[in-house]
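Below you'll find the structure, written out as structure tokens, and then a few comments.
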Amino acid sequence: MLHAKLAIFVVTFMCIYSSLHALKGDDCEVCIKTVEKFSASLDEAVKKDTKKIENEFRNFCKKAKNKEQRFCYYLGGVEDSATGILSELSKPLSWSMPAEKICEKLKKKDAQICDLRFEKQIDVNTVDLKKLKVKDLKKILSDWDEDCDGCLEKSDFIKRINDLKHKYVKTEL
């Protein structure tokens, strides 16, 4: 009887403890999305070899921008990284571990990995470009991998966005 109560207590404690450390809601959004995106880009042959995964991640990081770039920095995927915990990503990926669990493990190694948040996207269809700051206009162009050579005034950026809008913004019929 005592053993049964002790077993129930231990199981209950473990469930509560594991739920406290599980990621919730938008926790680790950059980590989860980046790991999922990277994992989806891997060939099946690469997914079983940790060294190949690490090399592919370094290549992935060369093209990464903004928060994904910062995530790469924290893991050691870029040359100027101060740390190198890439094996904490490659080993679980080779075991086909889900992105959420990988990010839980990474959070234990470096909590700032889960502090990264994506910036809110600007809906170019509904926003009045004239009311945005130049910084936001530049961000729209940057998100599109476009630049605005010779743009000096706000109106120049707005004109450039309007010229490129058809290329990047889907309009519903």
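We use all heavy atoms of the structure for the numbers below, so side chains are in, but hydrogens, waters and symmetry mates are not. Given the structure is predicted, the values throughout are model-derived calculations rather than measurements.
Atom CG of D27 and atom CD of E100 lie 11.5 Å apart (nearest 0.5 Å). Atoms OG1 and CD, on T34 and E29 in that order, are 9.5 Å from each other to the nearest 0.5 Å. Here the CG atom belonging to N55 is positioned 9.0 Å from the CG atom belonging to L86, to the nearest 0.5 angstrom. Here the OG atom belonging to S142 is positioned 12.0 Å from the CG atom belonging to D136, to the nearest 0.5 angstrom. For the atom pair I102 CD1 and S39 OG, the distance stands at 7.0 Å (nearest 0.5 Å).
Residues I85 and K109 approach most closely at CD1-CB, 4.1 Å, considering heavy atoms. Listed here is the closest heavy atom pair of E146 and L164: CG-CD1, 3.6 Å. Closest heavy-atom contact between L152 and D156: N-OD2, 3.0 Å. For the residue pair S96 and K48, the shortest heavy atom distance occurs at OG-NZ, 4.0 Å. The shortest heavy-atom contact between R160 and C148 is CB-SG, 3.7 Å. Here the closest heavy-atom approach between residue K154 and residue L129 is recorded as CE-O, 4.1 Å.
Salt-bridge annotation for K33 and E68: absent, with no side-chain N of the basic residue lying under 4.0 Å from a carboxylate O of the acidic one. In summary, K65 and D145 engage in a salt bridge, as defined by a charged side-chain N under 4.0 Å from a carboxylate O. A salt bridge between E104 and K107 is absent, with no side-chain N of the basic residue lying under 4.0 Å from a carboxylate O of the acidic one. K105 and E88 are not joined by a salt bridge, as no carboxylate oxygen comes within less than 4.0 angstrom of a charged side-chain nitrogen.
Checked against side-chain contact (heavy atoms from CB on, under 4.5 Å), D115 has the following partners two or more places apart in sequence or in another chain: Q112. With sequence neighbours left out, the side-chain contact (heavy atoms from CB on, under 4.5 Å) criterion links V78 to C61, Q69, C72, Y73, D80, S81. With sequence neighbours excluded, the residues forming a side-chain contact (heavy atoms from CB on, under 4.5 Å) with K165 are V124, N125, N162, V169, listed by chain and number. Applying the salt bridge (charged side-chain N to carboxylate O under 4.0 Å, His left out) test to D143 and every residue at least two apart in sequence or in another chain returns K139. Legend: residues meeting salt bridge (charged side-chain N to carboxylate O under 4.0 Å, His left out) with D163, ordered by chain and number and at least two apart, are K159.
Judged purely by atom type and a 3.5 angstrom limit, T83 uses its side chain to pair as donor or acceptor with the backbone of Y74.
With contacts defined as side-chain heavy-atom distances shorter than 4.5 Å, the pair S90/E56 does not qualify. By the 4.5 Å heavy-atom criterion applied to side chains, V35 and L89 are counted as neighbours.
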Could you go step by step and tell me if C31 and L106 meet the side chain to side chain contact (heavy atoms under 4.5 Å, CB included) rule? CA-CA 9 Å; C31 178; L106 290 171; 3.9 Å; yes

Chi angles and distances behind the side chain to side chain contact (heavy atoms under 4.5 Å, CB included) call for I158, L132: CA-CA 10 Å; I158 292 171; L132 293 179; over 6 Å; no

Which is it for I53 and S94 under the side chain to side chain contact (heavy atoms under 4.5 Å, CB included) test, yes or no, and what are the steps along the way? CA-CA 8 Å; I53 291 172; S94 71; 3.9 Å; yes

May I have the step-by-step check of side chain to side chain contact (heavy atoms under 4.5 Å, CB included) for F57 and L93, ending in yes or no? CA-CA 11 Å; F57 187 73; L93 267 179; over 6 Å; no

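Atom NZ of K51 sits in a sparse spot, with 12 or fewer heavy atoms from other residues, nucleotides or ligands closer than 6.0 Å.
Between C114 and C103, the two SG sulfurs stay at or beyond 2.5 Å from each other.
Note on residues 104-163: pairs passing ring-ring contact (aromatic ring centres under 6.0 Å, His included), not counting sequence neighbours, are W144-Y168.
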